[in-house]
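Comments concern the structure below.
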Amino acid sequence: MSAEPTDGVHGARVAVLGLGHMGLPMAQRLDAAGAEVVTYDVVREARVTAAAAGLRVAADGPAAAGEADVVLTMFPEGRHVLEAYRGGLLSAAPTHTLFVDCSTIAVDDARAAHALARASGHRFIDAPVSGGVVGAENGTLAFMVGGAEEDVARARPLLEVMGRRIVHCGGPGLGQAAKVCNNMILGVTQIAVAEAFVLGERLGLTHQALFEVASNASGQCWALTTNCPVPGPVPTSPANHDYAPGFAGALMAKDLGLAVRAIERTGVGARMGLAARDIYKEFAQGEGAGQDFSGIIHDVRARSSAARDAHAEEGT
Ligand code: NAD
């Protein structure tokens, strides 16, 4: 018999489904904090890893949901969430279960998940994260949350075990809306910073000189001062470690795809967002998929050389 939760964590029965890069360390943190965690992943290897880490693994997703008060999902895409909800999670869970989807998915899909959960007598919040694997391991994720106040309040103690910053952004889907808007800023600014460094190189400016000026001037942004795309000025940036992620190009391409879906649905004239989607889509079709997204600077250089060669040929 489980202990009555007193602080919203100890004894809380939490199913964590999706034990990939993010879900596994999130489950481990909840377990270590005293929640009664039960896990599941469709991939056998992930289940074996979870069991080896001391986590309890259910026979399948619905079995895990059937014995939980809170069902946390951390899946790759919206279709996985909706398929799993329709495919047995919602029907197996006791009425009034709180579904917390932490996957990064489209705003529309989050709203569809919310409607499905409600129709089955459950509660739902969308709670996508930023902070990556390191944030998941250290409990320093940022959660962007959409849903009803009382549901967010119920989830908050659990989210605080996994994250440092929990922002309630509004009603259903608005956590995903905040995530997609933030990552559109990030994608666009990372490209702008990379282009500025390549332009500086062509003009004879050292990386350090450009960094010192821009990081103390109006060009200052995270893409420059934390994720600097050239080695040197910020020793901890992925550029100093062969562009090992960090935040992989494939994930940025995915998030910008979600941004464009929202742009098209709302009719916003977001030319930079559309361009960033195209640029990262191309990047992620090659080696960029597994590199940090600041590696986009390689594509900028490659495009620049091609442009210069074409120009030189025209002149001959
Ligand atoms: P991942 O591919 O490593 O893990 C996802 C896991 O979900 C896989 O193990 C997969 O087998 C499992 N899964 C899929 N369908 C399932 C189902 N029906 N039941 C049980 N398990 C199922 O992905 P990840 O890197 O952990 O990312 C998860 C989500 O978090 C994605 O939406 C991603 O965009 C988002 N995110 C990732 C990062 C990051 O740095 N990795 C950062 C922020 C947000």
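Both ligands and their constituent atoms are indexed starting at 1 by order of listing.
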Q: Would you mind listing which atoms of ligand 1 come within a distance below 4.0 Å of any non-hydrogen atom of G132?
A: 40 (O), 42 (C)
Q. Got an N/O contact under 3.5 Å between P76 and ligand 1?
A. yes
Q) Can you tell me which residue and heavy atom of the protein come closest to atom 4 (O) of ligand 1, and the distance to 0.1 Å? A) G20 CA, 3.2 Å
Q: Report the nearest protein non-hydrogen atom to atom 43 (C) of ligand 1: residue, atom name, distance rounded to 0.1 Å.
A: V129 O, 3.6 Å
Q. Does the side chain of I125 come within less than 4.5 Å of H168's, by heavy atoms?
A. no
Q) Based purely on interatomic distance, does L19 place a nitrogen or oxygen under 3.5 Å from a nitrogen or oxygen of ligand 1? A) no
Q) Mind checking what makes salt bridge (charged side-chain N to carboxylate O under 4.0 Å, His left out) contact with D108, not counting sequence neighbours? A) R265
Q: Starting from atom 12 (C) of ligand 1, locate the nearest protein heavy atom and write down its residue, its atom name and how far away it is, to 0.1 Å.
A: D41 OD2, 3.2 Å
(Q) Tell me if the CD atom of Q220 is crowded by more than 12 foreign heavy atoms within 6.0 Å. (A) yes
Q: Considering heavy atoms of the protein only, find what lies nearest to atom 30 (O) of ligand 1 and give residue, atom and distance to 0.1 Å.
A: M74 CE, 3.2 Å
Q) What is the ring orientation for F124 with Y85, classed by angle as parallel under 30°, tilted 30 to 60°, or perpendicular over 60°? A) perpendicular
Q. Do any heavy atoms of S130 fall under 4.0 Å from ligand 1?
A. no
Q) So is T104 polar-close to ligand 1, meaning N/O to N/O under 3.5 Å? A) yes
Q: Determine whether the side chain, the backbone, both or neither of I105 has a heavy atom under 4.0 Å from any heavy atom of ligand 1.
A: neither
Q | M22-ligand 1 polar pair, N/O distance under 3.5 Å | A | yes
(Q) For atom 31 (C) of ligand 1, what is the closest protein heavy atom, and at what distance to 0.1 Å? (A) F75 O, 3.3 Å
**Q.** Rounded distance [0.5 Å steps], CG in L258 versus CD in Q176
**A.** 7.5 Å
(Q) For a 4.5 angstrom cut-off between non-hydrogen side-chain atoms, does R111 reach L174? (A) yes
Q) Just heavy atoms, cut-off under 4.0 Å: does K254 contact ligand 1 by side chain, backbone, both, or neither? A) side chain
Q) Going by heavy atoms in the side chains, are K179 and D126 under 4.5 Å from each other? A) no
Q.
For the CG atom of L24 and the OG1 atom of T49, what is their distance to the nearest 0.5 Å?
A. 7.0 Å
Q: For S103, take its heavy atoms, then give the atoms of ligand 1 lying under 4.0 Å from any of them.
A: 32 (O)
Q: May I ask you to check if ligand 1 and H80 share an N or O to N or O distance below 3.5 Å?
A: no
Q: Evaluate the side-chain proximity of L89 to F99: yes if any heavy-atom separation is below 4.5 Å, no if none is.
A: yes
Q: Name the closest protein heavy atom to atom 3 (O) of ligand 1, giving the residue it belongs to and the distance to 0.1 Å.
A: H21 ND1, 2.7 Å
Q: Name the orientation class of the two ring planes belonging to F75 and H80 (parallel below 30°, tilted from 30 to 60°, perpendicular beyond 60°).
A: perpendicular
Q. Who are the salt bridge (charged side-chain N to carboxylate O under 4.0 Å, His left out) partners of E150, not counting sequence neighbours?
A. R123
Q: Name the option, out of L258, T73, V42, that contains the heavy atom nearest to atom 21 (N) of ligand 1.
A: V42
